[in-house]
Amino acid sequence: MRLRQGRLDGKVALITGAAGGQGATEAMLFAEEGAAIVLTDVDAEAGQQVADQIRERGGRATFLRHDVSEIPGWHEAVAAARDLGGLHVLVNNAGIISRHGLTDIPLASWQRTLDVNLTGPMLGMQICAPLMRDSGGGSIVNVSSIAGLTAHYDAAYGASKWALRGLSKIAAMEFVDWKVRVNSIHPGQIVETSFVRDATPGHAESARRTIPMGRQGTPRECADLVLFLASEEASFITGAEIAIDGGFTAGAAIRMRSQMRDELARASASEA
Ligand SMILES: NC(=O)c1ccc[n+]([C@@H]2O[C@H](COP(=O)([O-])OP(=O)(O)OC[C@H]3O[C@@H](n4cnc5c(N)ncnc54)[C@H](O)[C@@H]3O)[C@@H](O)[C@H]2O)c1
């Protein structure tokens with residue numbers, strides 16, 4: 001059993017894409033830690049269920065159906081946060097993947113991916129930051145990806161996540177005098193999300209084999225990192241990028257090379 005520590009007592013948090021996967025886990029965890037939650041998603045049924053669960057456990061939560069690429073819903077979310085007492089944490093978590101390479105991506109798919117993964121967080125920061133300033137400051141966490149740190153098979157997804165990483169640093173500088181910190185996180189493969197569920201057969205297993213830790217991450221592990229960045233424990237951290245990927249971006253290729261070298265050495269020893 002986890003003891004409640006109240007790390008977000010008195011805070012209001014807005015989490016996008018919170019109907020499932022990492023966002024839902026973050027909403028539940030933040031509520032456990034004392035925050036009132038505004039959760040948004042395009043999936044109204046599942047989003048409402050998450051809000052109901054939080055309330056059943058004694059927390060405060062409001063769900064709004066919102067496509068992050070659309071401006072009016074951001075103003076509605078800000079109004080809902082104001083009703084709960086202000087805004088201290090924004091988690092730009094909603095994201096989509098297009099599963100196209102550079103040579104075959106249709107323009108509409110490219111633009112939709114950028115609209116959701118990049119323009120959505122930009123609008124969120126632009127529209128939410130003034131209320132965060134007026135609420136005494138706070139923390140924005142932008143959910144990028146390892147695709148924002150390395151090459152990726154999905155051109156639009158990779159471009160959007162690299163741009164979000166850069167935009168996070170720009171925002172960190174613009175908002176520093178408002179006491180609003182901005183950081184990006186870069187998950188590797190995370191189980192129990194639609195990204196992994198909907199992938200082609202073999203995708204998850206082939207990806208897992210390249211992770212130095214030998215396993216995928218969980219939504220709870222990502223939520224714990226986002227909670228840390230959202231809390232006062234991270235009070236001197238802004239403009240940072242944190243990989244949460246089982247060591248993948250640190251040196252998966254080096255590790256695979258060592259394994260290959262050992263295999264080749266064993267093979268040549270058995271031939272001799
Ligand atoms: N799952 C992974 O392996 C992985 C790895 C790296 C980064 N990420 C990132 O993590 C974030 C969370 O994704 P997840 O892993 O929980 O996957 P998920 O698909 O389970 O959750 C994403 C949520 O975003 C919502 N959403 C999609 N488009 C939206 C829109 N236009 N407006 C509002 N909500 C929208 C979906 O309905 C869904 O509930 C995403 O930004 C994703 O790019 C995921």
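One is the number of the first residue; the rest follow in order along the sequence. Counting starts at 1 for both ligands and their atoms, following the listed order.
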* Asked: With clusters built from Ile, Leu, Val, Met, Phe, Trp and Tyr whose side-chain heavy atoms come within less than 4.5 Å, directly or transitively, what are the remaining members of the cluster of Ile211, listed by chain and number?
  ->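 Met213, which link up through side-chain heavy atoms under 4.5 Å apart, make up the rest of the cluster.
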* To do: Under 4.5 Å between side-chain heavy atoms, chaining through other members, with only Ile, Leu, Val, Met, Phe, Trp and Tyr counted: pull out the rest of the cluster around Phe195, sorted by chain and number.
  =>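 Ile97, Tyr153, Tyr157, listed by chain and number.
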* To do: List in chain and number order the residues that pass ring pair (Phe, Tyr, Trp, His ring centres under 6.0 Å) with Phe228, two or more places apart in sequence or in another chain; answer none if no residue qualifies.
  =>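 Phe228 satisfies ring pair (Phe, Tyr, Trp, His ring centres under 6.0 Å) with no residue once adjacent residues are dropped.
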* To do: Please assess Ile54 against Met28 for the test side chain to side chain contact (heavy atoms under 4.5 Å, CB included), listing each intermediate value before the final yes or no.
  => CA-CA 6 Å; Ile54 291 173; Met28 305 287 286; 3.7 Å; yes
* Asked: Between Asp154 and Ser98, does any side-chain donor sit less than 3.5 Å from a side-chain acceptor?
  ->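 A donor-acceptor contact under 3.5 Å links the two side chains.
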* **Any side-chain donor near an acceptor of the partner, His186 and Ser144, under 3.5 Å** =>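 Note: His186 and Ser144 side chains meet the donor-acceptor criterion.
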* So which residues, sorted by chain and number, lie with a heavy atom under 4.0 Å of ligand 1? ->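 Only Gly17, Ala19, Gly20, Gly21, Gln22, Asp41, Val42, His66, Asp67, Val68, Asn93, Ala94, Gly95, Ile96, Arg112, Val116, Val143, Ser144, Ser145, Tyr157, Lys161, Pro187, Gly188, Gln189, Ile190, Thr193, Ser194, Phe195, Val196 have heavy atoms that fall under 4.0 Å of ligand 1, ordered by chain and number.
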